[in-house]
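One structure is given here, and the rest of the page talks about it.
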Amino acid sequence: MKKNLPKTYEPWKYEDKIYRRWERSGAFNPDKLVSAEKSSYYSIAMPPPNVTGVLHLGHALENSIMDIQTRFQRMQGKKVLLVPGTDHAAVATQAKVEKELVKEGIKNPREQLGRKELLKRVRQYSEQSKKTIISQIKKMGTSCDWSRLAYTLDKERSEAVNEVFVKMFKDGLIEKDYRVINWSVKGQSTCSDDELEHREEKTTLYTFKYSKDFPIAISTTRPETKLGDTAVAVHPKDKRYKKYIGKTFTVDVGAKSPLKIKVIADREVDPDFGTGALGVTPAHSQIDFEMKEKNNLDLIAVIGKNGKMNENAGKEYTGLTIKQARKKFVTWLKNQSLLEKEELITHNVSTSDRFGDIIEPLPMEQWFVRVNKEIPGHNGKTLKDLMKEAVTVGHNGDRSKKIIITPNRFIDQYLHWIDNLRDWCISRQIWWGHQIPVWYDGTKIYCNTEPPSGKKWQRDPDTLDTWFSSGLWTFSTLGWPQKTNDFKKYHPTSWMQMGYEILFFWMARMILMSTYTLNEIPFQEVYIHGILRDKTGRKFSKSLGNGIDPIDMIKKYGTDALRLGLISGIAPGNDSRFFEEKLEGTRNLVNKIWNISRYILENQSTSSPQSLSKIKPEELTSADLFILKKMMRLIESTNQQLEKCDFSGASDQLRDFTWNELADWYLEISKFEDNKKVKTAILFTVLKDLLKLWHPFMPFVTEEVWSKFNDSLLITEKYPRKNSYSKIIKKARRTHDFDLIKDLIVAIRNIRAEYKIPPAKKIKAIIYGHSLVNAIKSEVELIKKLRTGIEELTIEKSGPKIKRAAFASVNEIEIYIPLAELIDFKKETARAKKELANYENFSKQLKNKLSNKQFTKNAPKEIVAREKERLEVTLKNIKKIKTYLKSIA
RNA sequence: GGGCGCUUAGCUCAGUUGGCUAGAGCGUCUCGUUUACACCGAGAAUGUCGGGGGUUCAAGUCCCUCAGCGCCCACCA
C-alpha cells in the first residue's frame with residue numbers, strides 16, 4: 001500500500017494516465033467484459049457532436065449524464081456499449097468553412113474552387129475538428145468504445161443512408177415534387193422548416209389596388225412579389241367581396257405579360273386583417289402555393305435563385321434586387337395613385353439558421369419524404385402514424401415497444417409537433433453530405449445503392465439533409481445494413497439522452513427511420529435534459545461571447561469536479577445555470593473524498609484490512625451500527641435514484657453521507673475509539689463501497705484511490721448492494737440489545753464512577769454530531785428506556801473535539817438542555833393525537849369508498865387496488881401512532 | 001392565436017403517486033483548528049413555497065383564477 005498521498009488531490013496528475021489505463025484494459029469494449037448473464041446487453045448511442053467546431057459546456061453536460069448512466073449500468077454487470085461518433089453536419093459545416101474561405105479572400109468558394117476542391121477543404125476542416133472533439137470526449141472521462149467510433153459520413157454510415165433512401169424511394173415515400181420551398185440565396189440551397197429561425201422585423205405594409213378597374217384592394221409587405229400574382233383570396237362569407245368570387249380580372253402592373261387575377265374564396269383568410277383580401281402569389285409563398293393547388297391557379301415565378309427579379313417580372317424589373325424592385329413598384333403604384341395606405345408594422349421573417357439570410361420562398365423541384373402517405377405493407381399507416389405510435393401505444397400497438405420519455409410532458413409537445421408536420425424536404429444544393437443515390441439519363445431515373453452501368457447516367461448533384469443520416473444513428477452505428485452481431489445484440493438501444501431543443505429534429509427522425517426501416521423502436525428510454533445557461537440565465541453563444549471552454553474548467557478544477565458541477569441541482573427537462581463557483585464546491589468535495597481515503601488508507605497499515613463478515617456483532621457500538629445502517633440505506637437509495645435517472649438527487653445524497661456522516665462524524669469518532677480494529681475495518685469497507693457508489697460521477701479520483709489498494713480496476717467492479725450490510729446489522733441486533741441511549745447511559749455511569757461525581761440529578765451528556773440527536777429523536781423505543789434509566793439527562797449537539805475536552809475535565813460538566821426540550825411530551829402528544837385523528841378519518845373514508853359497490857365495480861382495477869393499499873398503510877400508521885402515544889404517555 | 005415551463009432562504013436550485021417540524025449547495029454571522037483535509041471543523045440566522053380562491057382529515061404538491069418571467073409552434077398576407 002502506497003502511503004503519503006499529497007494533501008490535496010491534483011487531477012491533472014492522474015486523469016490522462018487513468019483514462020489510458022481504462023482504454024488499455026478493454027473495459028470500454030463490451031466484447032471484453034465478462035458478464036454474469038449472457039443476455040444483459042445495454043447500449044447507448046452517443047449523440048454525435050457536429051464537426052463544426054469544438055465541444056462546449058452543453059456537450060460536457062451530455063457527456064457527464066451519458067457516462068454516469070453508462071458506468072452505472074456497466075457496474076451492474078451488464079455488457080455496456082456506448083458508441084462514440086461525430087456528425088458531418090452538412091449545411092452547418094460547409095457554411096462555416098465557406099465563411100472561413102471568404103475571410104481568406106476566396107470570395108466565391110464554390111465557383112472558385114469547384115466541387116472537388118471545396119469538399120477537400122471541408123474534409124480537412126472536419127477531420128481537424130473531429131480530432132479535437134475526440135480528445136475532448138476523452139478528457140471528459142467518457143467511457144465509450146473507441147473501436148466502434150462512427151461518423152455520419154463514413155463508408156458504413158453512407159451505406160446505411162443509401163439503403164434507406166432506396167427503400168423509401170421504392171416504397172414511394174421519397175418523391176421529387178415541384179413546390180414552394182425555403183431558399184437561402186446566400187447558401188444557394190434549400191432549408192427544411194426546422195432549419196429556420198424567426199426574427200422580428202419592422203416593415204411597411206402597403207395597401208393598394210392592381211389597377212383602377214380592379215374592385216378589391218389588397219395589403220402586402222412584399223409588393224415586388226405581386227408581379228407574380230394570379231389570384232385574390234377573400235373569406236367566403238365576406239359581404240364586401242362575395243359578389244366577385246369566381247370572376248377573373250386582367251391587370252397590367254408592368255410584369256412580362258398582363259396578370260389574370262381570379263377572385264377565390266378561402267376560409268383561411270382573415271377578413272379583419274388589412275382589407276380582408278389577400279393577393280395570392282403561388283410562386284413565392286407556401287400558403288399561396290397550397291391555394292393554387294386547391295383552386296387550380298397559374299403560377300408565375302418572378303424571383304430567381306439568385307434572389308433577383310427574373311424576366312417574368314417584366315423588362316423594367318429584370319435583374320433588380322428585391323429591394324430595388326420593391327422601391328420601383330411602390331413608386332409606380334404611387335404614380336398611378338393606386339397606393340391607398342402605407343403603415344409600419346412588425347412581423348416575423350424566416351431566416352436561415354446557418355447562413356443567416358432571409359429565406360426566399362421559391363418554387364422548385366426537390367426531393368421530399370412523404371409523411372402523410374400510406375406505407376406499403378404497413379396496414380395503411382403513414383410515417384406520421386409510426387412516429388406517434390412509438391410513444392403512445394407502442395410500435396404496432398406492442399406495449400413492449402413503447403418509448404419511455406422522461407419527463408413525459410414532452411410527449412404532448414412531440415405529438416403536437418407531428419400533427420403540424422409537413423413533407424420533409426431532404427435535398428440540399430450544397431456539396432458536403434451524402435449525395436443522393438439517384439441517376440438520370442434524359443427522362444429515365446435510376447435509384448439504387450450502386451451506380452448504374454453505362455456512361456450516360458448522370459448522378460443527382462444534390463446532397464441529403466443532415467438529419468437523414470442522423471435519423472439512422474442508433475442502427476447505422478451498429479453496422480446495419482450488414483447483419484452484424486452488434487446489431488443483433490444492441491438494437492434497439494437501451495437509452496438515449498438529449499436536450500429538448502433537438503427533440504423534434506432528432507428524436508422524431510430516429511423514431512421515423514427506425515420504425516419504418518427495421519420495424520423496431522430506436523431506443524427504449526429517452527432522458528431529456530435542459531439547456532445550460534450562463535450565470536445570468538442567457539444561453540451560451542458565440543455572439544454573446546459568454547462561452548466557457550470545458551477544457552479550461554477541467555484544467556482548473558478537474559474533470560470530476562466539472563462533471564459533478566454540471567449534473568448537480570438539475571432536474572430532467574429543466575434548464576440550469578452554470579457558474580464557476582459551483583465548481584469550487586464540487587472540487588472541494590472531490591478533495592474531501594481524497595482526504596477521507598488518505599486518512600483511512602494511512603491508518604489501515606496498522607492492522608490489516610478486515611471484512612465486515614469477520615467482525616463479531618457484539619463488538620459493534622451503536623455508532624458503528626448507525627453508520628452501517630446509513631450506508632445500507634445510501635446504497636439502496638443510490639441504486640434506486642440512478643435507476644430513475646435522478647443523477648442530481650443521487651449525488652446530493654452521496655455528498656451528504658460522505659461529508660456529514662462519514663467525514664465529520666464517524667471518522668472523527670473513530671479517532672477516540674479504543675477498538676481500532678473494528679473501526680478501521682468498518683471504515684475500510686465503507687470506503688470501498690463509497691468509492692464504487694461515487695465512481696459513475698467522479699470516475700477519476702475514485703479510480704485513483706482504488707488503485708492504491710487494489711490491482712483490479714474500479715470501473716468494472718460491481719455496484720454495491722445493500723445485502724452485505726443488512727446481514728451484519730440483523731446479526732448485531734440479535735446478539736445484543738442495541739441502542740444509542742443505552743450506550744450513553746453506560747458512558748455516563750462510567751464517567752461518574754471514574755471521576756467520582758456525586759449522583760447529580762442533571763447531567764450533561766455530549767454526543768458527537770447532530771446525526772445521533774436526530775436518531776434519538778426518531779427512535780421511540782429508546783425514550784422509554786431513557787425515562788426509566790436516568791431522571792434527567794441533557795443532550796447537546798456537539799462536535800467530537802469538544803467531546804475530548806469535556807471528557808478531560810469532567811468536573812466542569814454543566815447542565816445544558818433539559819430533557820423536555822429534546823422531546824416536548826405535551827407538544828408531541830398533541831401532534832400525535834391530531835395525526836391519529838387524521839388517519840382515522842382517512843381510513844374511515846377509504847373504508848366507505850371500498851364498501852361502495854359503485855366504486856369497486858366501475859373504477860379501474862388499479863385505482864381500487866391502490867385505495868386498498870392505502871387503507872392498509874393507513875391502518876398500519878394508526879397502529880404505529882397508538883403505540884407511540886402509549887410510549888410517551 | 002395554440003401549447004409548454006418557471007415563480008420555494010440573500011444567490012443557484014431540489015422537493016417522486018398530496019402525508020412527519022419545507023431541504024441542499026453557495027453566501028452571511030459567531031466560535032474553533034499543530035496531528036486526513038483552510039479545497040478544514042462546530043454552530044447560528046434567514047421562508048405568508050408569486051397573489052387570491054377551491055377540493056381534502058391533510059396542499060409547496062391537485063383544480064380554478066390573476067400577475068410576472070421564459071421557451072416552443074403557427075401566423076401576421
Side-chain angles (χ1 to χ4, degrees), chain A residues 5 7-9 193-194 198 203 205 218-222 225-226 233 268-270 273-281 285 287-288 345-349 407 409-410 412-413 416-417 419-420 500-501 503-504 530-531 533 535 537 539 557 561 565 568-571 573-579 581-582 584-603 640-641 644 646 648-649 652-653 655-656 659-660 663-664 667-668 671 769-770 777-778 797-802 827 831-832 834-845 866 870 873-874 877 881:
Chain A
L5 299 177
K7 270 190 162 189
T8 46
Y9 173 64
D193 294 344
D194 329 307
H198 299 286
T203 189
L205 180 69
I218 57 159
S219 300
T220 181
T221 54
R222 299 209 51 190
T225 64
K226 300 291 124 183
E268 295 291 306
V269 179
D270 175 5
F273 186 90
T275 59
L278 159 69
V280 181
T281 323
S285 153
I287 294 198
D288 294 5
I345 59 160
T346 51
H347 75 155
N348 284 339
V349 290
R409 65 168 187 268
F410 286 104
D412 287 343
Q413 280 187 41
H416 184 248
W417 180 82
D419 282 337
N420 290 323
Y500 61 76
E501 77 274 19
L503 198 72
F504 308 132
I531 296 172
R533 295 171 180 279
K535 203 173 181 170
K539 265 190 183 178
Y557 302 97
S568 74
I570 64 163
N574 284 3
D575 292 353
S576 59
R577 295 187 193 196
F578 180 87
F579 35 93
E581 290 87 338
K582 232 177 167 176
E584 281 174 27
T586 51
R587 178 202 55 195
N588 294 355
L589 174 58
V590 170
N591 189 54
K592 194 80 193 173
I593 289 169
W594 177 256
N595 270 294
I596 291 171
S597 311
R598 190 155 81 101
Y599 175 81
I600 294 174
L601 294 182
E602 282 174 9
N603 280 281
Q640 276 171 7
Q641 272 159 329
K644 281 192 302 188
D646 182 3
S648 180
D652 272 1
Q653 240 179 21
R655 181 189 197 282
D656 181 58
W659 207 309
N660 300 333
D664 290 347
L667 205 134
E668 292 296 337
K671 291 179 184 169
H770 56 281
K777 281 186 182 174
S778 65
K797 298 182 190 179
S798 185
K801 288 181 185 170
I802 298 176
K827 239 180 167 177
R831 196 188 63 82
K834 199 179 143 201
E835 207 177 333
L836 182 67
N838 284 345
Y839 276 121
E840 276 178 341
N841 222 323
F842 185 46
S843 74
K844 219 190 251 173
Q845 241 179 50
R866 204 189 78 183
R870 274 175 150 193
V873 172
T874 312
N877 284 337
I881 294 177

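These numbers come from a predicted model, not from an experiment. All chains are named by letter (A, B, ...) in the order of the sequence lines, taking the proteins before the strands, and each is independently numbered beginning at 1.
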Sugar-phosphate only, base, or nothing, as touched by A:Asp656 at under 4.0 Å among non-hydrogen atoms: nothing

Touch class at under 4.0 angstrom, heavy-atom based, for A:Lys7 against every strand present: sugar-phosphate

Closest nucleotide among B:A36, B:C76, B:G25 to the A:Tyr599 side chain: B:A36

Reported CH2-to-CG distance for the pair A:Trp594 and A:Leu589, which is rounded to 0.5 angstrom: 14.5 Å

Phosphate OP1/OP2 of B:G25 contacted by A:Arg655 side-chain N/O (<4.0 Å): yes

Minimum-distance nucleotide (side-chain atoms of A:Asn420 versus B:A36, B:C73, B:C75): B:C73

Presence of A:Asn574 side-chain N/O under 4.0 Å of B:A14 phosphate oxygens OP1/OP2: yes

Phosphate OP1/OP2 of B:C72: any A:His198 side-chain N/O under 4.0 Å: no

Sugar-phosphate only, base, or nothing, as touched by A:Phe579 at under 4.0 Å among non-hydrogen atoms: sugar-phosphate

Sugar-phosphate, base or nothing in reach of A:Ser219, heavy atoms under 4.0 Å: base

OP1 or OP2 of B:A77 under 4.0 Å from side-chain N/O of A:His347: yes

Nearest-neighbour nucleotide for the A:Phe504 side chain, B:C37, B:C72, B:A14 considered: B:C72

Sugar-phosphate, base or nothing in reach of A:Thr8, heavy atoms under 4.0 Å: base

Point-to-point distance, once rounded to the nearest 0.5 Å, from OG1 of A:Thr281 to CD1 of A:Ile218: 7.5 Å

Sugar-phosphate only, base, or nothing, as touched by A:Leu205 at under 4.0 Å among non-hydrogen atoms: sugar-phosphate

Touch class at under 4.0 angstrom, heavy-atom based, for A:Asn348 against every strand present: base

A:Asn574 CG to A:Tyr500 OH distance, which is reported to the nearest 0.5 Å: 8.5 Å

Sugar-phosphate, base or nothing in reach of A:Val280, heavy atoms under 4.0 Å: nothing

Per A:Ala571 side chain, nearest of listed nucleotides B:G5, B:A77, B:A14: B:A14

Which nucleotide in B:A36, B:C4, B:A77 has an atom nearest any side-chain atom of A:Ala663: B:A36

B:C39 phosphate, OP1 or OP2, under 4.0 Å from A:Asn595 side-chain N/O: no

Distance test, side-chain N/O of A:Lys592 to OP1/OP2 of B:G41, below 4.0 Å: yes

Touch class at under 4.0 angstrom, heavy-atom based, for A:Glu581 against every strand present: nothing

Touch class at under 4.0 angstrom, heavy-atom based, for A:Lys644 against every strand present: base

Sugar-phosphate, base or nothing in reach of A:Ala233, heavy atoms under 4.0 Å: nothing

Distance test, side-chain N/O of A:Trp659 to OP1/OP2 of B:C37, below 4.0 Å: no

Strand partner of B:C71, provided both Watson-Crick or wobble distances fall under 3.5 Å: B:G3

Sugar-phosphate, base or nothing in reach of A:Ile345, heavy atoms under 4.0 Å: sugar-phosphate

From B:G41, B:C40, B:C37, nucleotide with atom closest to A:Asp664 side chain: B:G41

Upstream residue (5' side of RNA chain B) when A:Asp412 and A:Thr346 are each assigned their closest nucleotide: A:Asp412

Phosphate OP1/OP2 of B:C13: any A:Arg577 side-chain N/O under 4.0 Å: yes

